[in-house]
Amino acid sequence: MAPLRSPLPAEFYRRPTLEVARDLLGTELVRETPEGVTAGILVEVEAYLGPEDRAAHSWGGRRTARTEAMFGPAGHAYVFQTYGLHFCFNVVTADEGVPQAVLVRALEPTRGLELMARRRQLRLERALPAAVSPDAFPPRVLTGGPARLCQALAITREHYGHDLTRPPLYLCRGRSPVPDEAVAAGPRVGVHYAGEWKEKPWRFWIRGNPHVSR
DNA sequence: GCCTTGATGACG
DNA sequence: GTCATCAAGGCA
């Protein structure tokens, strides 16, 4: 099946990771399944710059079955599981052999909101009555958080290493580029253990966007 | 021990 | 609404 829209080329990802992270804001992540299409605009990301970055899974050049994808070519997916429960979705960046990636922390939902809600319904039952009118989902409940967006888009370990220039999971240009004034930067979330690296302002988000995770 | 989330309870 | 605390449970 041809993709619905033209995916970003591999060259987009094969650049310095901080540039890719910033430029990923405003792009659209599309997930196609037999049940339907779900998609959202990236509004919050974090860069992980192994092997130097203490906060990166590839810190110190750590190369295991889990981190292998980070060493692979740019534009492929790095999916990992945390706390035994949740998946997180990353885009591999930079040159092959340089284990760097960008974690996607939040999306602004654009397509398939009801399907997303269905996939998240187990935990959403309390929120759903307020959301009976489909456009009235409260911000963040569908895709505001790295594990939430994976559940909403049905991204799992089966996408580990997937080539993100091809269906059924790919990125394409969004509605419009995000100007520098709209981009905010700050420390990354959940990396308190990372010493001096935890202060690096390598989390980027669209200022004021209600879907940003926190 | 972890790049998380949802539930619960305190507080205002 | 906020904030703090806790438990869920796979894998290195």
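Just so you know, these numbers use all the heavy atoms, side chains as well, and skip hydrogens, waters and symmetry mates. Just so we're on the same page: letters track the sequence lines, and every chain starts at 1. Owing to the predicted nature of the structure, the values given are computational and were not obtained by experimental measurement.
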Query raised in the report: Within a reach of under 6.0 Å around CZ of Arg63(A), are more than 12 heavy atoms found that belong to other residues, nucleotides or ligands?
Result: yes
Report task. Take Arg119(A) and Thr38(A) through the test side chain to side chain donor-acceptor pair (under 3.5 Å) and record every step on the way to the result. Result -> CA-CA 11 Å; Arg119(A) 287 174 177 151; Thr38(A) 45; 3.3 Å; yes
Interatomic distance, [X] [atom1] vs [N] [atom2] [rounded to whole Å]:
{"X": "Arg62(A)", "N": "dC2(B)", "atom1": "CZ", "atom2": "C1'", "value": "11 Å"}
{"X": "Leu142(A)", "N": "dT4(B)", "atom1": "CG", "atom2": "C1'", "value": "17 Å"}
{"X": "Lys200(A)", "N": "dC3(B)", "atom1": "NZ", "atom2": "C1'", "value": "18 Å"}
{"X": "Leu149(A)", "N": "dC3(B)", "atom1": "CG", "atom2": "C1'", "value": "12 Å"}
{"X": "Phe89(A)", "N": "dT4(B)", "atom1": "CZ", "atom2": "C1'", "value": "17 Å"}
{"X": "Lys198(A)", "N": "dC2(B)", "atom1": "NZ", "atom2": "C1'", "value": "16 Å"}
{"X": "Trp59(A)", "N": "dC2(B)", "atom1": "CH2", "atom2": "C1'", "value": "14 Å"}
{"X": "Gln151(A)", "N": "dT5(B)", "atom1": "CD", "atom2": "C1'", "value": "10 Å"}

Query raised in the report: Is Tyr83(A) stacked on the base of dT5(B) when the test is centres under 5.5 angstrom and planes under 30 degrees?
Result: no
Query - His86(A) aromatic ring stacked with six-membered ring of dT5(B), 5.5 Å and 30° - result: no
Is [X] touching bases, backbone alone, or none of the nucleic acid, heavy atoms closer than 4.0 Å?
{"X": "Ala55(A)", "answer": "base"}
{"X": "Arg148(A)", "answer": "sugar-phosphate"}
{"X": "Ala194(A)", "answer": "nothing"}

Query raised in the report: Where does the chain A footprint on DNA chain C start and end, counting 5' to 3' with a 4.0 Å heavy-atom cut-off?
Result: dA8(C) to dA12(C)
Query - Cationic N near anionic O, under 4.0 Å, Glu52(A) to Lys200(A) - result: no
Query raised in the report: Between Glu28(A) and Arg111(A), is there a salt bridge with N-O shorter than 4.0 Å?
Result: no
Query - Minimum side-chain heavy-atom gap Pro168(A)-His162(A) below 4.5 Å - result: yes
Query - Nearest-neighbour nucleotide for the His192(A) side chain, dT5(B), dC3(B), dC2(B) considered - result: dC2(B)
Requested in this report: Could you work out which one of dG6(B), dT5(B), dC3(B) sits closest to the side chain of Pro146(A)?
Outcome: dT5(B)
**Report entry** Minimum-distance pair of heavy atoms, taken over all atoms of Pro99(A) and Ser58(A)
**Finding:** O-OG, 2.8 Å
Query raised in the report: How far apart are the closest heavy atoms of Ala65(A) and Tyr160(A), and which atoms are they?
Result: O-OH, 3.1 Å
Query raised in the report: Taking only side-chain nitrogens and oxygens of Arg120(A), does any of them come within less than 4.0 Å of OP1 or OP2 of dG6(B)?
Result: yes
Requested in this report: Check whether any side-chain N or O of Arg105(A) sits under 4.0 Å from OP1 or OP2 of dT4(B), and answer yes or no.
Outcome: yes
Query raised in the report: Mind checking what makes side-chain contact (heavy atoms from CB on, under 4.5 Å) contact with Ala194(A), not counting sequence neighbours?
Result: Arg54(A), Ala55(A), Val191(A), Trp197(A), Lys198(A)
Report summary line: Per nearest nucleotide of DNA chain C, the residue lying toward the 5' end, Arg140(A) or Arg157(A), is Arg140(A)
Query raised in the report: Taking the six-membered ring of Phe12(A), is the NZ or CZ of Arg15(A) close enough (under 6.0 Å from the centre) and on axis enough (within 45°)?
Result: yes
Requested in this report: Please lay out, stage by stage, how Arg173(A) and Leu8(A) fare under the test side chain to side chain contact (heavy atoms under 4.5 Å, CB included).
Outcome: CA-CA 7 Å; Arg173(A) 303 226 174 269; Leu8(A) 293 170; 3.6 Å; yes
Report task. Could you give me the stems involving DNA chain C, meaning stretches of three or more consecutive Watson-Crick or G-U wobble pairs whose two defining distances are both below 3.5 Å? Result -> B:4-11 with C:1-8
